[in-house]
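See structure below.
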Amino acid sequence: MKSAVTISLVPEARGGPFVFWDDLVAGCAHAAELGFDAVEIFPAGADALDAADVAKLLGAHGLKCAAVGTGAGWVGHKLRLTDPDAAVRRRAVEFVGQIIDAAGTLGAPAIIGSMQGRWGDGVTREQALDWLGEALGTLAEGAVRYRVPLLYEPLNRYETNLFNRQGEAARFLRTLRSPNVRLLCDLFHMGIEEFSIADALRAAGPLVAHVHFADSNRQAIGWGHTDMAPIMAALREVDYAGYLSAEVLPLPDSVSAARQTMESFRRWTAT
Ligand code: LER
Ligand code: MN
């Protein structure tokens with residue numbers, strides 16, 4: 001398994017669970033110094049992410065890009081893949097598609113988290129899932145040319161009412177026309193929603209393509225009460241070889257949260 005740490009470049013996301021903020025150059029320098037394999041970037045949009053510049057910066061630090069978030073489409077532009085307005089849905093697909101291209105150039109998958117939206121306000125669950133499935137299928141086909149998946153992230157009940165657990169999301173993904181949509185399993189959301197985090201990871205098996213590495217209180221692993229031993233055993237059982245990416249609050253400060261994450265990562269991946 002490989003380590004990653006999040007860097008948010010989205011002003012509207014302030015207060016969110018990202019370790020480093022606002023400055024990609026400084027975030028990469030910290031990540032490299034602390035020994036991370038990669039960074040996960042949340043850009044304001046594809047135009048704010050010059051793939052050639054970012055590749056140069058990552059290369060200078062010996063870092064990879066683990067994934068690129070699309071949440072700025074929601075927090076910055078109120079775009080959602082399940083919005084009742086067809087024009088908004090179309091712009092949402094465009095916004096994500098452009099991030100898939102930028103991320104793909106860096107060899108990284110894009111994440112559908114808050115851009116999935118929710119059902120309600122005149123939109124039935126069935127209709128919302130239809131729109132979501134269509135959008136994910138189309139976007140995932142666009143990611144194939146970069147040989148990366150599209151990551152779909154089930155969120156807890158306070159953030160979406162579409163899919164809150166991995167099992168139900170996995171069943172939905174298996175009905176899509178593209179097999180290139182895979183699961184992003186966020187341990188914080190799973191702690192709220194799953195009967196057992198370890199059992200859910202085992203059941204999702206090969207669909208697990210990325211993990212957000214966060215404790216029960218969304219702080220760095222080791223600073224909450226999540227029992228990591230069965231979770232790491234389950235990830236080993238399914239031969240998970242992807243990233244454990246710290247999407248945690250920058251508490252008590254960014255560098256301390258990153259350092260604690262790295263200590264936990266080393267502890268739990270030591271053979
Ligand atoms: C939001 O709670 C989250 O976990 C993000 O990864 C979604 O974009
Ligand atoms: Mn997450």
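The structure presented is a predicted model; accordingly, all values stated were derived computationally and were not measured. First listed ligand is number 1; within each ligand, the first listed atom is number 1.
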Which of the atoms in ligand 1, numbered in the order shown and given with their element, are less than 4.0 Å from a heavy-atom of [X]?
| X | answer |
| --- | --- |
| Gly113 | 7 (C), 8 (O) |
| His212 | 6 (O) |
| Arg218 | 1 (C), 2 (O), 3 (C), 4 (O) |
| Asp186 | 4 (O) |
| His189 | 1 (C), 2 (O), 3 (C), 4 (O) |

For side-chain contact (heavy atoms from CB on, under 4.5 Å), just list the numbers for Val248 and Gln219, CA-CA rounded to whole Å, side-chain angles, deciding distance to a tenth of an Å, and then say yes or no. CA-CA 5 Å; Val248 302; Gln219 292 202 42; 5.5 Å; no
Taking NZ, NE, NH1 and NH2 as the nitrogens, is one of them in Arg259 or Asp253 under 4.0 Å from a carboxylate oxygen of the other? no
Looking only at atom types and distance, does a side-chain atom of Arg89 sit under 3.5 Å from a main-chain N or O of Pro84, one as donor and one as acceptor? yes
Test item: Gln116 side-chain N/O and Gly113 main-chain N/O as donor-acceptor pair under 3.5 Å: yes
re atom 1 (C) of ligand 1, the protein heavy-atom contact at minimum distance is Glu159 OE1, 3.2 Å
Nearest non-hydrogen protein atom to atom 7 (C) of ligand 1, with distance, is Glu153 OE1, 3.2 Å
Ser114 touching ligand 1 at heavy-atom level, < 4.0 angstrom: yes
Go through Met232 and Leu244 one step at a time and tell me if the side-chain contact (heavy atoms from CB on, under 4.5 Å) criterion holds. CA-CA 10 Å; Met232 296 306 295; Leu244 298 180; 3.8 Å; yes
Report yes or no: does His212 have an N/O/S atom closer than 2.8 Å to the Mn ion (ligand 2)? yes
For [X], what is the atom name of its N, O or S atom nearest to the Mn ion (ligand 2)?
| X | answer |
| --- | --- |
| Glu247 | OE1 |
| Glu153 | OE2 |
| Asp186 | OD2 |

Could you tell me which non-hydrogen atom of Ser216 sits nearest to which non-hydrogen atom of Thr226, and how far apart they are? N-OG1, 3.0 Å
Can you tell me how the ring of Phe42 sits relative to the ring of Phe18, calling it parallel under 30°, perpendicular over 60° and tilted otherwise? tilted
Quick check with a 6.0 Å cut-off and a 45 degree axis cone: is Arg125 positioned over the face of Phe163's six-membered ring? yes
